[in-house]
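No hydrogens, no waters, no symmetry mates; every other heavy atom, side chains included, goes into these values.
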Amino acid sequence: MKTIRYFLLTGLMEGIAVLIFLFATPSDVERAWLLGYSPLRWALALWAGQGVLAFLLFTVLSRQRPAWLTLLSNRFNVGLRNARGFSLTVLFMLAGMISGVYFVFLTNTITDTQVKGYFQRLLLLVVWIIALCLQALVAIVLLYWGEHWPALRRWSSRVGHALAQNKEEILAIGLLLLVSVALFWPVKYPDVKTGTLYGWDYVVHTRFAERMAESRRTETSFFLYELLVIAAHLLKPTSNYLLVSKLVALIFDLVTAVIAYAIVRKSVNEIFHNRKWLLALTSLAVTLSVTLVAPVSVLTWGSHNLLFGYIGINTTHNPTYLLLKPLALLLFLNSLEIFTYQPGSGSRIRWFLTALLTILASLAKPNYIICLLPALLLLAFYWLLKKRSLDWQRLILGVILPAMIILGWQYLATYTTDRVLRAEGGIVFAPLAVYARDSGMLLPKFFLSILFPLSVYAMYYKDASKDISLNLAWLNFFFGAFYTYMLAETGLRFQDGNFKWSGQVTLFILFIASVVFFLRQNAGWLSGWLEKKPDDAFIAGVIVFGLHLVSGVLFYYLQLTQPTNPWW
Amino acid sequence: MKSEQTLVDTRTLRTLTWLPVLMVIGAVIVLIVNYIPAWIIIAALEGIFVVAFTLITIAVNISYFESAYVCAKKKSDATKSQR
C-alpha cells in the first residue's frame, strides 16, 4: 500500500506539472480553438482519455472479466515482477530522458514557425513522459530499494572486474584506434589543412554526394559512400562537405583495423595464450603491419614506381575502396561460415545479416561481390562432391539472391541509364588493356604483389591445401586478378580502370588469411620462441612479409610527404 | 579441406558484422528524418508515444490496482476468518 501511495502521489505531481505546462504554453494561432489547441487535437485527447479511463474502470471494477483480459493482466504482472531488477527502471529513465532531450533540442533549434507550433504542443507530452518515468522510477526504487543496492554493487564490481581482466585488450584496441587515426587521417586527400585538393577520387565522390543531396536521386549505382556522407553532413559536425567525406572514410579505416585486429588476435592467442600483454601487443603490431603492407616494389624504386602495374593492397586515395574493405572482410568471414556450418547450429538470422552485408558491400563498390559469387559457387560445388554439409540458406538467401538483384540493377543503372557520364558503355574482354596502358613488366609485378601469400602457400602446401579460409581467399583472389587483368569497360570509363579494385580488395583479404595461416603454422614454435631455434620457413616468411611492409611504409610515407608526386 | 578452423568465432563475427550495419542503418534513419516532411515525422512520433505510453500506463495501473485488490482481499479474508 505504501508503494501505491507513492505512485499516486507522484502521479498527482505529474498532473499538476502537466496542467501548469498546458496553461503556460503559448497558443497555436493557426489552429487555435481552446487553450491554443485545435478541435481535432481536443477530440483526440478526449477520446484517448475516455478510452483509457473506461478501460481502467472496466479492468478494475468488472467482476466478470473476459479471460483474455485476465491473461493480459497476469502477463503484465509477471513481466513487471521479472523486470523489477534494473531493466524497467532503466528503460523508463532512458525513454523519458532521450525523448525529452530530443524534443527540447528540436524545439529550440527548429526555425519553421508552423513546425514549432507542433513542438510546443508536443512539449506537454514530453513533460508527461518524463514525469511518468520519474514516477515509475521513484515507485520502483522505493519498493525494491533493499534489493537494488546490493544489485548495483554487484553490477559495478562485475564491470570493474571485467575491465581489470581485459585491461591489455582495452589498451591495445585503444592504441590501435589512436595510431590508425594518426596514420590515416593525415594521408587522406584532399588536404583540408591547406585547402588544396589533390585527390580526384575524394572530390568526385564528394561532389556526387552534394548533388545527390540536392536532387535526391542516385548519381551512381554504388552510392553507399555518398549516402553516408550526406547523412554525416546532415549531423553537421562541420559544414565542409570534403572534410565530412574524409571523416566518413576515416571511420571505415578504423572499422577495418578493428576487424583485422579481431582476426589476428584469435591466431596470436594460440601462440601467447597465457601471456596477455604479449598477446595484445603482438596482435596490435601485426594488425598495423597488415593495414600498411604494399606490393614488394623494391625493383622499381629507382623509376619512382610503387603502384602502377602492381596490385595495390592498402591504397588510400579512393574513399569507396576504404568503405568496401571492412564490408568485404566481414562478408568473407560470413561466407566462411557457410562451409563450417553444423546442421541445427547457429541463429535463424544468420542469413539475414549476411544478406545485409552483401547488399552493403555491393552498394559500396561491386568489385568484391563479383569475385566472391563465383568463388562461393565453385567451393559449394566442391563441397557437394565431397558430400559435406553446407549452409544453403545462408548461401542462397544471404549471398546469391541479394547479390544477383543488386548487381543486375547496378549493371542496368551503369550501362543503360547512367546519369553521371551520360555515355554508352559496357564490359569487354580486353586482356591487359588497362594495366599495360600505365606500366610494363606486368608478370614480375604480379608475382611481387602476391609474394607473401604465394610463399606461404608454397612453403606449407600440404596444410595450406586443406585450409578452408586460405583456399576461399585464394579463389576470391583468382577471380579478382582475372577481372583486373582481363576485363575493361568501354567508353569514357575505360581510363578509370574500375576492375583494378577487385584485385586490390581480394589481395587485401588474401593477405590477412595468409598472415593468420602463417601464424597458426608456427604457433607451436613461437609459443616457446626463447628456447627453440627458428624454423627456416618461418624466417623466409618473415623476410618476405618484411619486404611487403617496407614497401608499404615507403608508399605511405610518399603519400604523406609528397601527395602531388607520390611515385605511383 | 579442414573446415573446423575459422578466422574469428561466431559471436565475435556477429558483433563485428553489426558494427557497419548499424552505422548504415543510423545513416538511413538520419536521411529519412531529414527528407520526410516534418509534419509526418512529428505525427508518427506523437502517435508512437501516445500509444506506447498509454499502454505502459495501463500496464502499470493494472498491475498496481491488482496488487491493491489482492492486498485488500487478503485483509478482508483475514478479518472474516478472525470473526
J.: Which bit of A:L333 is near chain B, if near means a heavy-atom gap under 4.5 Å: side chain, backbone, both or neither?
T.: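 Both backbone and side chain of A:L333 come within 4.5 Å of chain B.
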J.: When heavy-atom pairs shorter than 4.5 Å are enumerated against chain B, which of A:V258, A:V264, A:I263, A:T354 gives the highest number?
T.: A:I263
J.: Mind listing the closest non-hydrogen atom pair of A:K266 and B:V8 along with its distance?
T.: CD-CA, 3.7 Å
J.: Can you say whether A:F517 sits under 4.5 Å from chain B via the side chain, the backbone, both, or neither, judging by heavy atoms?
T.: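 No part of it gets close to chain B.
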J.: Can you tell which part of A:L227 gets under 4.5 Å to a heavy atom of chain B, answering side chain, backbone, both or neither?
T.: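 Both parts, heavy atoms under 4.5 Å.
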J.: Check whether A:L329 gets within reach of chain B through its side chain, its backbone, both or neither, counting any heavy atom under 4.5 Å.
T.: neither
J.: Considering only heavy atoms, which portion of B:T12 lies under 4.5 Å from any heavy atom of chain A: side chain, backbone, both, or neither?
T.: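 Looking at B:T12, just its side chain touches chain A.
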J.: Pick whichever of A:P326, A:A213, A:S267, A:A513 has the most heavy-atom pairs under 4.5 Å with chain B.
T.: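 When all of A:P326, A:A213, A:S267, A:A513 are compared, A:A213 has the most.
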J.: Please identify, among A:L353, A:I251, A:L323, the residue contributing the most non-hydrogen atom pairs under 4.5 Å to chain B.
T.: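 With the most close heavy-atom pairs to chain B, the winner is A:L353.
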J.: Once rounded to the nearest 0.5 Å, what's the spacing between atom CG of B:L31 and atom NE2 of A:H233?
T.: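 Reported value, rounded in 0.5 Å steps: 12.5 Å.
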J.: What part of A:L360 gets within 4.5 angstrom of chain B, counting heavy atoms only: side chain, backbone, both, or neither?
T.: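 Just the side chain, heavy atoms under 4.5 Å.
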J.: Identify the heavy atoms of B:P20 and A:L330 that sit nearest to each other, and give their distance.
T.: CG-CD1, 3.4 Å
J.: Chain B heavy atoms under 4.5 Å from A:A232: which part of the residue, side chain, backbone, both or neither?
T.: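 The answer is neither part of A:A232.
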J.: What residue in B:L16, B:L13, B:V30, B:V21 has the most heavy-atom pairs under 4.5 Å with chain A?
T.: B:L13
J.: Using non-hydrogen atoms only, which part of B:L19 is less than 4.5 Å away from chain A: side chain, backbone, both, or neither?
T.: side chain
J.: Of the options A:N334, A:L356, A:L327, which is the one that meets B:T17 in a side-chain contact (heavy atoms from CB on, under 4.5 Å)?
T.: A:N334
